Amino acid sequence: MPVHPQVQEDRKKFVALTFDDGPDGKYTSAVMDILDEYKVKGTFFVVGQQAIKFPEVIQRMKNEGHSIGNHTFSHVNMPKQSIEEMKEQITKTDEAIKDATGETPTLFRAPYGSANAQVKETVSQMSKTLVPWSVDTRDWAGTSVAGMMGHLKKEISPGGIVLMHSFGGKNGDLNNTLQALPLIIEYLQNNGYTLVTTEVLLAAKG
């Protein structure tokens, strides 16, 4: 497919905002509200057991044009699983996402970013693209808004993939994420970055 001239021009400053561990009944929708306000598309790496609980939130992700990736069924440390257990974690999550959206995801992110050679081979065999991150906002640790902005400004570069969360966090509190997200979007846009889904960013790199 031909690359749109604007995409060709902007691709060097693409950044993808990614959100792990959802969906839930509170933070995931609030994140999407903010993204909608700024007309930005994000990428949500969802946990299968959460997808089963909140299929309507997964449906909203699809309807609003966000990317949906597989983040295992129960947020396991993949290198500690057998090959069969790895495949089951991925397959069950695929099924939960497909039940909600009619589509099977092609993106995969390993919980904790933990992926050895066996994990990489298994993910590849299952026709998925393993997606790491380049900027960790550390929102999962209860980092302050100022701290999250500090991590972003220090680590961001063209082609960057930013890690945040839409469920979980320290004591289940992601209010700092909701406060920081508008600031992150504005900072990136004011510095010439184009915010895109992970698929678009990876296609531009390829």
Side-chain angles (χ1 to χ4, degrees), residues 1-23 28 31-47 58 60-72 78 90 93-94 97 101 103-115 119-120 123-124 126-140 148-149 151-167 177 180-206:
M1 193 169 91
V3 176
H4 188 280
Q6 187 68 32
V7 173
Q8 185 75 35
E9 179 182 334
D10 290 345
R11 65 168 56 188
K12 289 183 179 178
K13 292 205 79 171
F14 278 174
V15 166
L17 301 181
T18 68
F19 304 88
D20 286 10
D21 296 357
T28 306
V31 166
M32 284 192 281
D33 288 345
I34 295 169
L35 295 176
D36 181 58
E37 180 183 346
Y38 285 90
K39 308 300 182 212
V40 167
K41 306 304 180 189
T43 303
F44 291 85
F45 288 96
V46 304
V47 172
I58 301 282
R60 180 183 170 188
M61 289 175 189
K62 179 190 175 184
N63 292 341
E64 296 189 359
H66 302 297
S67 290
I68 302 171
N70 186 314
H71 197 44
T72 73
M78 288 287 275
I90 294 171
T93 305
D94 278 352
I97 294 171
T101 68
E103 297 177 358
T104 301
T106 59
L107 302 179
F108 176 82
R109 173 173 282 166
Y112 319 105
S114 183
V119 172
K120 293 175 182 177
V123 170
S124 177
M126 299 185 77
S127 301
K128 301 211 180 298
T129 300
L130 183 65
V131 181
W133 59 81
S134 60
V135 179
D136 184 356
T137 62
R138 294 184 59 83
D139 62 341
W140 52 270
M148 291 172 66
M149 291 303 297
H151 290 306
L152 178 85
K153 292 176 182 179
K154 180 181 178 183
E155 299 172 11
I156 197 63
S157 62
I161 299 175
V162 181
L163 171 66
M164 288 178 278
H165 292 77
S166 70
F167 179 60
T177 303
L181 182 54
L183 302 178
I184 287 171
I185 293 171
E186 291 172 11
Y187 174 82
L188 291 170
Q189 291 180 336
N190 290 340
N191 283 274
Y193 289 98
T194 301
L195 301 176
V196 297
T197 63
T198 301
E199 281 102 334
V200 171
L201 183 144
L202 294 177
K205 284 184 173 181

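The model shown is predicted, which means the values in this text are computed figures rather than measured ones.
When atom types are taken as modelled, the side chain of Asp21 and the backbone of His165 share no donor-acceptor pair closer than 3.5 angstrom. Side chain of Thr18 to backbone of Val162: a donor-acceptor contact under 3.5 angstrom is found. In this structure, Asn70 contributes its side chain and Ile90 its backbone to a donor-acceptor pair below 3.5 Å. The backbone N or O of His71 lies less than 3.5 Å from no partner atom in the side chain of Arg109, so there is not a single donor-acceptor pair. With hydrogens and angles ignored, the 3.5 Å screen pairs a side-chain donor or acceptor of Ser134 with a backbone N or O of Ile161. The backbone N or O of Lys62 lies less than 3.5 Å from no partner atom in the side chain of Thr101, so there is not a single donor-acceptor pair. Remark: the backbone N or O of Leu107 is not paired with any side-chain donor or acceptor of Thr129 at under 3.5 angstrom. Panel note: side chain Thr194, backbone Phe14; no donor-acceptor pair is recorded below 3.5 Å. Judged by distance alone, the side chain of Lys120 and the main-chain N or O of Leu130 form no donor-acceptor pair under 3.5 Å.
Annotation for Tyr112 and Trp133: closest pair C-CH2, 3.7 Å, computed over non-hydrogen atoms. Taking each heavy atom of Met78 and Pro111 in turn, the nearest pair found is CG-CD, 4.3 Å. The heavy-atom pair separating Ala180 from Met148 by the smallest distance is CB-CE, 3.7 Å. Closest approach of Thr197 and Gly42 over heavy atoms only: CG2-O, 4.1 Å. Across Val31 and Ser166, no two heavy atoms sit closer than the pair CG2-CB, 4.3 Å.
Residue pairs meeting the salt bridge (Lys or Arg N to Asp or Glu O under 4.0 Å) criterion with at least one member in residues 127-137, sequence neighbours excluded: Asp94-Lys128. Within the structure, salt bridge (Lys or Arg N to Asp or Glu O under 4.0 Å) pairs that include any residue of residues 31-44 comprise Asp33-Arg60 (at least two apart or interchain).
Here Leu201 contributes atom CG and Leu195 contributes atom CG; the two are 10.5 Å apart, rounded to the nearest 0.5 Å. The distance from the CG atom of Leu163 to the CZ atom of Phe45 is 9.5 Å, given to the nearest 0.5 Å. To the nearest 0.5 Å, atoms CG (Asp20) and OG1 (Thr43) are separated by 10.0 Å. Expressed to the nearest 0.5 Å, how far OG1 of Thr137 lies from CE of Met164 amounts to 6.0 Å. Considering CD1 of Ile68 and CD of Glu199, their distance stands at 9.5 Å, rounded to 0.5 Å.
Between Val46 and Met61, some side-chain heavy-atom pair lies under the 4.5 Å cut-off. Annotation: side chain of Pro23 is not in contact with side chain of Phe167 (no heavy-atom distance under 4.5 Å). At least one side-chain heavy atom of Leu202 sits under 4.5 Å from a side-chain heavy atom of Val131. Between Thr72 and Phe108, the closest side-chain pair of non-hydrogen atoms falls below 4.5 Å. Counting heavy atoms from C-beta outward, Met32 and Phe44 have side chains that approach closer than 4.5 Å.
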Would you tabulate the side-chain donor-acceptor contacts of residues 183-192 under 3.5 Å, counting partners in other chains and residues two or more places apart, or write 'none'?
{"residue": "Glu186", "atom": "OE2", "partner": "Tyr38", "partner atom": "OH", "Å": "2.4"}
{"residue": "Asn190", "atom": "ND2", "partner": "Glu186", "partner atom": "O", "Å": "3.1"}
{"residue": "Asn191", "atom": "ND2", "partner": "Tyr187", "partner atom": "O", "Å": "2.7"}

